[in-house]
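Beneath this line is the structure, given in structure tokens, with notes to follow.
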Amino acid sequence: MNNTLRKLIKSERRKLLLLIGILIIALIISAFIYALLGKGKMSGINYESISEMTFGEIFLKSIKRNLIYFLAVIILTCLGQGTISTILFGIISIYYGLSIIYIIRTIGVDYKYFMLTFTDYLIFFPILLYFTFISSSISKYTKKTKNIETISRKFDIIISGYIKISLVYLLIVTIYTVIYSLYVLILSRLMVG
């Protein structure tokens, strides 16, 4: 990360607090949604069908799910749309909140599901949170500088640095997805076998 981006990100610590606040509110909203709609009987998961999937099928499903958010945030950041990225983070946080409630319920009922999904909450979501923080911090500056010719060089430095960071995060997410897919494949076969 170049010095310009490092300074921009360090100057935006309030953004991180804002995102954590949004996360907390999203988790509260998730709890209300669950209380109103989700107290029915939990549906079972067909572990046999998961165990019959190939590594490629599991990887493709996981990578689509994992990369769509990151690609959307990268595009929005380059366009200077930090507010939309923040709203998108709130929506994803509600989804993760509902998932966390479901996973907590399954620990006593369906330990297998917990084993298949806990890495998303401990590894993937923190990566997503920090990437959103970096992106929303940078989008503030891309929005300010993209239309001003006199500082177009600064805009180019910010965007090129951000693209490099984004590629690193996309690589991290891809590596995580490969490891996660192997983990799901091995675990699902052990569960069935």
Side-chain angles (χ1 to χ4, degrees), residues 1 9 15-31 33-34 38 41-74 76-77 85-136 164-193:
M1 186 183 316
I9 292 166
K15 286 256 189 224
L16 183 59
L17 294 175
L18 173 69
L19 289 174
I20 291 171
I22 288 170
L23 175 62
I24 291 167
I25 292 168
L27 293 177
I28 293 168
I29 291 170
S30 298
I33 292 171
Y34 177 76
K41 188 178 180 229
M42 290 175 16
S43 59
I45 296 168
N46 188 348
Y47 296 104
E48 284 187 34
S49 66
I50 297 172
S51 69
E52 291 170 2
M53 294 173 75
T54 64
F55 171 77
E57 291 171 328
I58 296 171
F59 177 76
L60 283 175
K61 284 183 182 247
S62 299
I63 200 77
K64 281 184 212 170
R65 179 196 70 165
N66 292 347
L67 284 186
I68 288 172
Y69 176 83
F70 282 85
L71 292 173
V73 169
I74 290 167
L76 290 169
T77 299
S85 294
T86 304
I87 292 168
L88 185 61
F89 176 75
I91 293 167
I92 294 294
S93 296
I94 291 171
Y95 167 76
Y96 270 91
L98 288 169
S99 298
I100 289 169
I101 292 169
Y102 187 81
I103 200 171
I104 288 169
R105 273 197 72 197
T106 62
I107 291 173
V109 180
D110 190 354
Y111 190 71
K112 294 175 182 179
Y113 179 75
F114 172 76
M115 291 300 295
L116 284 173
T117 57
F118 80 97
T119 57
D120 274 352
Y121 309 104
L122 296 178
I123 299 170
F124 182 71
F125 195 72
I127 293 169
L128 185 138
L129 171 68
Y130 196 70
F131 181 73
T132 304
F133 162 63
I134 290 171
S135 298
S136 63
K164 288 175 188 171
I165 292 171
S166 299
L167 291 174
V168 169
Y169 271 86
L170 290 175
L171 180 64
I172 290 168
V173 169
T174 303
I175 290 168
Y176 166 78
T177 305
V178 168
I179 294 168
Y180 176 76
S181 299
L182 280 171
Y183 171 75
V184 167
L185 183 69
I186 293 165
L187 192 63
S188 64
R189 290 185 179 168
L190 288 173
M191 287 174 179
V192 172

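Keep in mind that this is a model prediction, so the values were computed, not measured.
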Seminar exercise, completed: One should read off an interatomic distance between Leu98 CG and Ser30 OG, to the nearest 0.5 angstrom, of 4.0 Å

Problem set entry | Contact check, side chains of Phe124 and Thr177, non-hydrogen atoms, under 4.5 Å | no

For this session: Any chance you could measure Leu171, atom CG, to Ser166, atom OG, to the nearest 0.5 Å?
Result: 12.5 Å

Exercise. With sequence neighbours left out, what residues match Thr86 under side-chain hydrogen bond (donor to acceptor under 3.5 Å, both in side chains)?
Worked result: none

Problem set entry | Side chain proximity check, Asp120 to Arg65, heavy atoms < 4.5 angstrom | yes

Problem set entry | Spacing of CG belonging to Leu185 relative to CG belonging to Leu190, to within rounding of 0.5 Å | 9.5 Å

Problem set entry | Where Arg189 and Met53 come nearest, the two heavy atoms and their spacing | NH2-O, 3.2 Å

Seminar exercise, completed: Tightest non-hydrogen contact, residues Glu57 and Glu52, listed as OE1-O, 4.5 Å

Only distances under 3.5 Å count here; give the side-chain donor-acceptor pairs of residues 22-29 to other protein atoms, sequence neighbours excluded, each with its distance to 0.1 Å.
none

Problem set entry | Gap between atom CD1 of Ile165 and atom CZ of Phe131 - 0.5 Å precision | 8.5 Å

Exercise. Would you call the rings of Phe55 and Phe59 parallel, tilted or perpendicular if under 30° counts as parallel and over 60° as perpendicular?
Worked result: parallel

For this session: Quick one: sort the Tyr96 and Tyr121 rings into parallel, tilted or perpendicular, breaks at 30° and 60°.
Result: perpendicular

Problem set entry | Gap between atom CG of Leu170 and atom CG of Leu71 - 0.5 Å precision | 5.5 Å

Exercise. Do the ring planes of Phe70 and Tyr169 sit parallel (below 30°), tilted (30 to 60°) or perpendicular (above 60°)?
Worked result: parallel

Problem set entry | From OG (Ser93) to CG (Leu128), nearest 0.5 Å | 7.5 Å

For this session: Taking atom OH of Tyr95 as the centre, report whether more than 12 heavy atoms of other residues, nucleotides or ligands fall under 6.0 Å from it.
Result: no

For this session: Over 60° means perpendicular and under 30° means parallel, so classify the ring planes of Tyr176 and Tyr180, tilted if in between.
Result: parallel

